[in-house]
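The sequence lines fix the lettering, A, B, ..., with proteins before strands; numbering per chain opens at 1.
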Amino acid sequence: MQHDDVIWDIIGNKQFCSFKVKTKSQNFCRNEYNITGLCNRSSCPLANSQYATIREEKGQCFLYMKVIERAAFPAKMWEKVKLSKNYEKALEQIDENLIYWPRFLRHKCKQRFTKITQYLIRMRKLVLKRQRKLVPLSRKVEQREKRKEEKALIAAQLDNAIEKELLERLKQGTYGDVYNFPVHAFDRALEQQDEESESEEEEEEEEEEDDEDVGQREFVAEEEVEESDLSDFEDMNKLRTSSDEEEQDEEEESSEEEEEEEEEEEMEVETKTKASRSKGKSPANGTAARKKRAYVEIEYEQETEPASKSRTT
Amino acid sequence: MDITEVPVSPDKKGKKKKNKKPKKTSVSQEGNGESSGVEKMEEDVKMEKSEAAESAFPPTFSVSEIKNKQRRHLMFMKFKQEKRKQKMQLKKKKKKEREALGDKAPPKEVPKTIENQRVYDETTVDPEDEEVAFDEGTDEFSAYFNGLTNPKVLITTSDRPRGRTVRFCEQLATVIPNAHVYYRRGLALKRVIPQCVARNFTYLMVINEDRKVPNGLVLCHLPDGPTAHFKVSSVRLRKEMRRRGKDPTEHSPEVILNNFSTRLGHSIGRLFAALFPQDPQFVGRQVATFHNQRDFIFFRFHRYIFKNEKKVGIQELGPRFTLKLRSLQKGTFDSKFGEYEWVLKRHEMDACRRKFQL
């Protein structure tokens, strides 16, 4: 005999029900045939001998019904009815099958059916949209690659490579007449080039000494240009079409050229650092001093610079 | 208890440390530790275990067989010092010989580097190879290299990009002339591509993002050109660069492509070259570099200035990043049905440290 009240009395409140999940505010029922998913007197499939549910299998919805007449045959307890794919027709089917059943079950069945069809529609839509493919990363592999990249970066010596390439292009004449280095076309031998660069530097020295006597002492960020340098970079003037920074570049580089007299080899590293430092400081100074000053001043504390030239401030 | 018999092997332990502790080796023989104390017993046991001495080595002895950690450590240090000393002596000898010979000395040995030891790749391009030249004359880039088309680049991201990626896109757009950034907004690439073709874009660049950081790049040459998929790492935005200059101007930069030696490398190199307009404006003095080293492609953007004919100064502007090629596909982007020319297969290709693909 099926005594629903007794069953509910036992599993509902007092003793254990294996389908019950308790949370702080509510109790849930994990039974697959439960229609609402909550643990209630009216929703418990064990404590109601006349019960109905909607369940979905691979996109197909079925109506399951349980009546008290079949309570003695557990294998045949649930009657399964396939619902049509048409939403209205399926609702009619539910109504027709659950005619004369309690209002609660009918209503909840229809609600559940609606929800199921909604999520099925969404699933079908999502499949058509772009799906994100998740690719797992292996930490070991990533670390290995990172290390390899660092070593490759060190091995690459990018700055040197770029400079070499640029100088090669200059030699091959891809720049045409843009850069007017007077000695370039004639000399291939290293020694000759060295001699001339030394002689250039000597000229610079003399002029610089003259200028030192004459010039004023001012705190200037960059833009100290010597006339001798200017003559070399005459064509650079033509290039100063667009932006200030080009001017600043040239002037920085030319000011650094004087320092090159002493330290020829460490040039490139230093010039870059000085360029950067002066660049860093110029906005603070605020003076975008104009070019074509006749004297040279190197303002910043540069440890490698010999004492004769440094004017630390 | 006095030592009556001393077995031969422990005698050879002539090291000072050992000598400090009196040798009571016969204890082990007699089996009784008397006044010698427990420690000596242990010591002797260890002595036995370590077999013969440290100084006169039987050939099967290794430092790792000593059970006592402190002693093992000491022995190892001594071993290392010995080795180092020998190495220094060898070096000195060689140097002396070299000086003695003077000019007739044999040339200095070049140290082995990974680049030196690289396994020869049979697809390395020979500069005079006719087949390669023919291929390059008729492939998808021939239109560009013959001056027929001008590059026009569309830069976009994956869905919902975060701040860093957006800024990266913007900076890329300043670096590459004639580049436009568009928001993705959930569009499917397959639909985007015909629209781009219709508007005469030559390149589609999609930057993939993961956790607010760009980590992938899909570069698609548009009128059904090859599609390359890269892994992006070490992205450095402009404001994170030290000692950088002002923003890049609108002049077209020059392009430097280094070390693309194999056939695959060549095609990738052409892929990059076709991003930029054919005639660089030397007025701008800007140069974009793609440098391949051990299959990592480093991108840098510099401004240069020639101080004299032997020296050039460069100043880095612009973003920098590294790329690693993951796959090269023949047509436009089609991950399911596309025909892949090359795919990175880690197990095969990463197995040998001296073998590189690009």
Side-chain angles (χ1 to χ4, degrees), chain A residues 129-130 132-133 141 144-146 148-153 155-156 158-159 161-163 165-167 169-171 174-176 178-179 181 183-184 187 190 193-194 197 200 232 236 238-239 241-246 248-250 252-254 256-257 260 267-268 271-273 275-277 279-280, chain B residues 113-115 158-159 186-190 210 215-216 231 233-234 242-247 249-251 254 256-259 280 282-285 287 289 291-298 300 302-317 320 322 324 335 346 350 353 356:
Chain A
K129 266 195 175 181
R130 303 158 48 225
R132 208 165 266 247
K133 183 172 171 198
V141 174
R144 226 184 282 153
E145 295 236 317
K146 208 169 82 150
K148 279 193 187 164
E149 186 191 320
E150 285 164 9
K151 305 243 162 153
L153 182 61
L158 282 169
D159 294 334
I162 297 176
E163 285 163 10
E165 177 71 27
L166 288 171
L167 286 172
R169 288 190 182 180
L170 182 66
K171 273 212 186 103
T174 47
Y175 298 130
V178 178
Y179 299 107
F181 293 122
V183 297
H184 167 61
D187 309 327
L190 263 179
Q193 281 176 343
D194 280 345
S197 58
E200 283 172 3
D232 282 346
M236 290 304 203
K238 295 180 203 159
L239 306 179
T241 49
S242 42
S243 43
D244 282 350
E245 42 80 22
E246 288 180 15
Q248 285 186 7
D249 270 344
E250 293 154 36
E252 282 169 350
E253 310 296 337
S254 52
E256 283 129 29
E257 253 197 58
E260 286 167 19
M267 199 115 11
E268 281 153 14
T271 52
K272 264 191 264 172
T273 59
S276 62
R277 280 192 224 167
K279 272 232 179 292
Chain B
T113 63
I114 293 187
E115 282 79 26
S158 55
D159 282 341
L187 298 170
L189 275 184
K190 295 224 190 100
D210 175 48
N215 76 341
K231 175 173 93 140
S233 45
S234 325
R242 311 252 165 111
R243 307 167 182 179
R244 66 178 162 92
K246 290 205 180 154
D247 292 337
T249 57
E250 288 295 320
H251 301 112
E254 302 171 37
I256 292 182
L257 299 165
N258 274 344
N259 278 350
F282 298 124
V283 179
R285 284 186 291 134
V287 58
T289 309
H291 180 105
N292 171 38
Q293 187 83 15
R294 302 182 195 175
D295 282 353
F296 286 100
I297 302 172
F298 298 101
R300 300 283 186 271
H302 291 278
R303 183 174 279 135
Y304 63 89
I305 178 167
F306 285 107
K307 288 176 233 149
N308 55 36
E309 69 278 2
K310 287 199 66 206
K311 294 228 172 52
V312 58
I314 56 175
Q315 187 184 47
E316 184 159 11
L317 349 153
R320 63 154 78 154
T322 54
K324 186 160 196 229
S335 46
R346 197 169 53 83
D350 274 0
R353 279 175 215 240
F356 303 112

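- Residues B:Phe298 and B:Arg320 have side chains not in contact (no heavy-atom distance under 4.5 Å, counting atoms from C-beta outward).
- With contacts defined as side-chain heavy-atom distances shorter than 4.5 Å, the pair A:Leu153/B:Gln293 does not qualify.
- Neither the backbone nor the side chain of A:Lys129 comes within less than 4.5 Å of any heavy atom of chain B.
- Interface remark: B:Glu115 contributes side-chain atoms only to the contact with chain A (heavy atom separation under 4.5 Å).
- Under the side-chain hydrogen bond (donor to acceptor under 3.5 Å, both in side chains) criterion, A:Lys148 pairs with no residue, sequence neighbours left out.
- Across B:Asn292, B:Asp159, B:Asn258, the residue that shares the most heavy-atom pairs under 4.5 angstrom with chain A is B:Asp159.
- In this structure, no portion of B:Arg353 lies under 4.5 Å from any heavy atom of chain A.
- Taking 4.5 Å as the limit, some side-chain heavy atom of A:Glu145 sits within range of a side-chain heavy atom of B:Lys231.
- Interface remark: B:Lys190 contributes no atoms to any contact with chain A (heavy atom separation under 4.5 Å).
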side-chain hydrogen bond (donor to acceptor under 3.5 Å, both in side chains) assessment of B:His291 paired with B:Thr289 = CA-CA 6 Å; B:His291 180 105; B:Thr289 309; over 6 Å; no

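- Using a 4.5 Å cut-off between heavy atoms, B:Leu187 contacts chain A through its backbone alone, with no side-chain atom that close.
- If you measure heavy-atom distances from A:Leu158 to chain B, the contacts under 4.5 Å come from the side chain alone.
- Ranked by heavy-atom pairs under 4.5 Å with chain B, the list A:Arg132, A:Arg169, A:Glu165 is led by A:Arg169.
- Here the side chains of B:Arg300 and A:Asp159 are not in contact, with every heavy-atom distance at 4.5 Å or above.
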